[in-house]
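Heavy-atom basis, side chains included; hydrogens, waters and symmetry copies ignored.
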Amino acid sequence: MISHRQKPATPWLLIVLFMIVSASSILLGYFYYKSQKARLVKDKKLEFSAIADMKVSQIVQWRNERLGDAILIGENTPFIKLLYEYLHSKDNAVLRPDIRSSLKSVTRSTGYKNALLIDSTGMVREFYPDRDTLMSDHLKQMFPDLLKAETGILTDLHKTGQINYIHLDLVVPLINPWRKDTSVFGLLTIRIDPSEILYPLVQTWPVPGKTTESLLVRQEGNEILYLSELRFMKNSALELTKSLSDEQLTEALAVNGVEETADGVDYKGASVLAAMRKVPGSPWYLVAKVNQSEVFTALNDQMTMIIIIIILFILTIGMLLGILEWNENARFYREKYETELDHQALVKHFDYILKYANDIIFLTDRNLTIIEANDRAFEAYQRERNELIGMNLSKIRAPGAVKDLENESRILDEKGYATYETVHVRKDGTLMPLEISGRKVEIEGVKYFQSICRDITERKLAEETLKESEERFRKIFEESPISIAMTGKDLAIIRANSAFCNMIGYREEELKSLTIRSFTHPDYISGDDISLLRLVAQEIPVYHTENQYIRKDQSIIWGSATISIIRNNNYEVQYFLVMVEDITLRKKAESELIAAKEKAEESDRLKTAFLHNVSHEIRTPMNAIIGFSALLNEPDTTEEERHQFIDIIFQSGSQLLSIINDIVDIANIESGQVKMNIREMNLNATLRSLGEQFSYKGKSDLISIILDAGLPDERAIINTDATKLIQVLSNLISNATKFTKEGRIDFGYALKDGFLEFFVKDTGIGIPPEHHKKIFERFFQVDNVISRKFGGTGLGLSICKAYVELLGGRIWVSSVLGKGTDFRFTVPYEHSEKSKGKQQDKKIPML
Ligand code: ADP
């Protein structure tokens with residue numbers, strides 16, 4: 001992201017990081033120092049305790065050795081006796097050399113400076129060497145006590161007037177060897193110089209140190225007396241005293257019973273670490289000490305190193321963070337520079353866009369006075385810059401659009417933006433429709449309106465054209481004689497014209513809740529669906545089909561449909577346009593035409609068969625007539641034969657006549673020349689006669705012909721064309737006898753619903769069901785053995801049908817193949833008026 005800050009941000013994070021690292025380093029160093037110091041102090045205390053203990057034990061040992069020497073001397077009986085003798089004999093000059101040599105051997109031990117032999121009166125009687133011959137003041141004070149002592153005594157360190165060096169005395173009481181009591185007859189005093197053994201013992205230090213020192217002190221009243229020579233104060237032994245009440249003073253602490261290693265100050269006032277001990281069996285206290293400064297010198301050196309390291313570390317971190325920050329700043333300024341460059345380029349580009357924009361751009365003040373405009377504006381309004389700048393917007397508005405200006409600028413002011421269409425006027429007076437996108441802008445606290453105006457002349461023209469075309473489409477749609485419907489993608493009807501509504505029988509409102517499928521005949525829906533998919537996939541440009549549709553009244557109509565697609569700009573299906581032409585009449589005519597054609601073809605075929613058949617049927621009897629006629633002339637022909645031949649010729653002649661009659665009848669029927677001859681007839685009598693006639697003709701015992709007249713004779717006198725009725729019945733009974741080998745033929749009638757229903761029922765071969773209708777057609781014959789055997793023209797039943805219909809009835813057949821056939825026909829029952837009231841007519845009419 002481009003930063004808009006002028007300066008890089010204060011690197012607080014880095015600063016905090018730096019401070020944390022620095023503080024951590026310092027704290028680490030401090031705690032390290034503390035721990036090191038504690039460890040050092042602990043080590044030093046241990047070390048000093050050990051040194052003090054060692055020195056104390058050495059001093060104690062030294063003192064014990066001295067007292068041991070006193071015991072050894074006191075128990076050396078010959079020597080004691082010698083001394084006794086010497087002190088008690090008057091003439092002791094003889095013994096003197098022995099005494100002196102004995103004393104000499106005593107002083108030979110290290111540190112023993114002088115030996116004095118003192119008698120019980122305190123007189124020094126002998127000595128070695130011969131320097132100090134007097135008993136010291138110190139001893140004089142103790143003398144009475146010494147005479148009572150039983151064992152050797154070691155005096156304290158002291159200095160007297162005559163003996164001006166520091167010493168201490170080992171006093172050996174001389175006990176009379178001959179007496180049982182412990183009476184002391186004299187003293188042997190050995191003067192010990194502490195500088196030879198005791199002081200070195202006290203002062204030596206196991207390792208060299210600059211300020212290490214050990215010293216002996218004892219209490220003297222309220223003071224402390226320094227017994228040994230001090231390292232940093234010459235001639236201080238038995239000279240230097242310090243107040244016992246000084247609580248910081250390590251020697252005072254020692255005298256006051258402190259027996260540990262502790263901090264304090266020494267006789268010079270320096271801070272020291274000191275170990276303090278009492279020397280057992282003596283009034284002495286040992287203090288071993290070192291200056292604190294020396295103890296911590298190494299530590300301080302180490303700490304100096306650590307501080308330097310910490311400082312270097314902090315500086316390094318500081319430097320690294322500084323470099324980081326420097327880099328960051330450099331990046332910031334680089335980015336800022338680049339952003340500035342981009343900004344400059346953008347500003348240039350923006351200026352360029354403004355200047356050469358395709359749209360007109362204005363900047364107006366709140367009073368709608370133009371204060372800036374781009375080049376396109378000058379060009380569009382055909383005005384110079386100085387002319388347009390300073391002009392009020394209302395001046396360039398078309399007169400009709402000025403009134404809207406106030407409202408539009410108010411909306412713009414309130415909402416901050418507005419989009420609207422208006423019309424401006426050029427200098428030459430021509431109008432310019434515009435789409436304006438206005439925005440309120442604030443520049444340095446002052447409000448302006450910025451308008452971007454797009455010339456929409458072409459769009460308006462296009463809209464106008466579109467509107468016109470839509471209107472044209474609407475008119476065509478509405479007024480078209482062809483049924484048109486517009487559907488959605490799902491074939492739901494959106495609009496339908498009145499022709500469509502009339503065709504399908506629904507109102508447009510009703511259709512809007514239906515789809516095309518709702519009234520498409522189910523047989524055609526799946527075919528439509530597949531083709532519509534192809535149409536959508538643009539495999540076919542339009543889809544033509546001839547479908548059946550179900551009208552609202554459930555009647556079925558035929559329609560020739562043309563379906564096309566109206567797509568949107570993205571080529572997606574928006575509507576289907578369905579145009580349907582009602583072709584029901586055409587379809588009907590077509591099917592009738594086809595039926596007629598088929599019928600003509602069939603009739604043609606039948607006629608051919610008929611001609612073929614007729615020629616055969618005529619030729620057969622003709623051949624018989626000619627053949628047997630020729631035989632009649634033969635001389636050898638007997639009379640009986642001649643009768644036979646004549647009979648055959650007669651039968652063949654009547655057969656021929658019957659065929660010709662049939663042909664004539666059908667010709668008459670076809671030409672409409674058949675005339676009805678309605679007259680009264682006695683039905684029952686006629687039927688009985690017919691029955692007899694066929695019974696006779698049949699001559700067969702295998703078939704019985706039974707009549708069942710449905711009315712009594714008096715009611716069976718009717719008005720009809722008797723000839724035609726008889727011809728129909730004869731034909732049917734003839735066929736029945738022809739197609740029945742054995743069994744019975746029932747014929748007769750019954751009165752039903754004002755009609756006489758006639759029947760001719762046989763137990764013959766029957767007719768296959770598919771031929772039940774066809775047998776009534778002219779020339780039709782069921783192709784079977786019997787038909788072939790008996791011949792025939794296939795005209796009989798069609799003549800029957802024609803005559804029955806002429807008589808005002810109908811004819812039909814029911815038959816079971818192999819079981820028999822039942823022909824039935826009706827004629828209106830017209831009871832003869834004349835016969836009414838009359839007796840039964842006995843007369844049987846002529847056939
Ligand atoms: P045809 O004069 O050749 O007999 P019809 O019109 O009388 O012609 O009969 C047509 C056909 O109907 C016959 O060829 C025959 O096959 C069938 N037919 C008519 N009557 C009967 C019947 N009673 N039993 C069986 N077949 C019949």
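A salt bridge is absent between Lys599 and Glu602: the closest approach of a Lys/Arg side-chain nitrogen to an acidic carboxylate oxygen does not fall below 4.0 angstrom. A salt bridge links Arg642 with Glu639: the closest approach of a Lys/Arg side-chain nitrogen to an acidic carboxylate oxygen falls below 4.0 angstrom. Salt bridge absent: Lys512 and Glu509 never bring a charged side-chain N and a carboxylate O closer than 4.0 Å. Using a 4.0 Å cut-off between a side-chain N of Lys or Arg and a carboxylate O of Asp or Glu, Lys801 and Glu805 qualify as a salt bridge. Remark: Glu421 engages Arg459 in a salt bridge, criterion side-chain N to carboxylate O under 4.0 Å. A salt bridge between Lys460 and Glu464 is absent, with no side-chain N of the basic residue lying under 4.0 Å from a carboxylate O of the acidic one. By the 4.0 Å N-to-carboxylate-O rule, Lys761 lies too far from Asp708 to be salt-bridged with it. Between Arg517 and Asp529 there is a salt bridge, with a side-chain nitrogen of the basic residue lying less than 4.0 Å from a carboxylate oxygen of the acidic one.
Looking at Ile718 and Pro828, their side chains never come closer than 4.5 Å, going by heavy atoms from C-beta outward. Side chains of Trp812 and Thr826 form a contact here, defined as non-hydrogen atoms less than 4.5 Å apart. In this structure, Ile775 and Phe823 have side chains that are in contact, with non-hydrogen atoms separated by less than 4.5 Å. Counting heavy atoms from C-beta outward, Val827 and Val728 have side chains that stay 4.5 Å or more apart. Looking at Phe739 and Thr821, their side chains never come closer than 4.5 Å, going by heavy atoms from C-beta outward. At least one side-chain heavy atom of Leu707 sits under 4.5 Å from a side-chain heavy atom of Phe747. Looking only at side-chain heavy atoms (C-beta outward), His772 and Ile767 come within less than 4.5 Å of each other. Here the side chains of Leu807 and Asp721 are in contact, with some heavy-atom distance below 4.5 Å.
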Between Asp528 and Tyr543, is a side-chain hydrogen bond (donor to acceptor under 3.5 Å, both in side chains) present by the stated rule, with each step listed? CA-CA 9 Å; Asp528 271 1; Tyr543 166 46; 2.5 Å; yes
Quick one: do Gln548 and Lys587 satisfy side chain to side chain contact (heavy atoms under 4.5 Å, CB included)? Show the steps, please. CA-CA 11 Å; Gln548 280 186 313; Lys587 278 279 174 188; over 6 Å; no
Evaluation steps, side chain to side chain contact (heavy atoms under 4.5 Å, CB included), between Ile565 and Tyr575: CA-CA 6 Å; Ile565 289 182; Tyr575 305 113; over 6 Å; no
Apply side chain to side chain contact (heavy atoms under 4.5 Å, CB included) to the pair Trp558 and Arg586, showing each step before the final yes or no. CA-CA 9 Å; Trp558 273 96; Arg586 196 187 85 197; over 6 Å; no
Assess whether side chain to side chain contact (heavy atoms under 4.5 Å, CB included) is satisfied between Arg472 and Glu468, documenting all intermediate values. CA-CA 6 Å; Arg472 222 176 295 137; Glu468 272 174 28; 4.1 Å; yes
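Using cut-offs of 30° and 60° for the angle between ring planes, the Phe519 and Tyr506 rings count as tilted. By the 30° and 60° cut-offs, the orientation of the rings of Phe628 relative to Phe645 is tilted.
No more than 12 heavy-atom neighbours from other residues, nucleotides or ligands sit within 6.0 angstrom of CD on Glu458. Counting non-hydrogen atoms of other residues, nucleotides and ligands closer than 6.0 Å to CG of Asn569 gives a total of 12 or fewer.
In plain terms, the two heavy atoms of Ile811 and Cys800 that are nearest each other are CD1-CB, 4.1 Å. Across all non-hydrogen atoms, the minimal contact from Ala722 to Arg679 is CB-NH2, 3.6 Å.
Of the options Asp665, Leu732, Asn661, a side chain to side chain contact (heavy atoms under 4.5 Å, CB included) to Gln727 is made by Asp665 and by none of the others.
Judged as a ring-ring contact (aromatic ring centres under 6.0 Å, His included), the pairs with a partner in residues 468-491 (not counting sequence neighbours) are, in order, Phe473-Phe477.
Atom CG of Leu725 and atom OG of Ser730 lie 9.0 Å apart (nearest 0.5 Å).
In terms of the ring pair (Phe, Tyr, Trp, His ring centres under 6.0 Å) criterion, Phe576 has no residue partners (sequence neighbours excluded).
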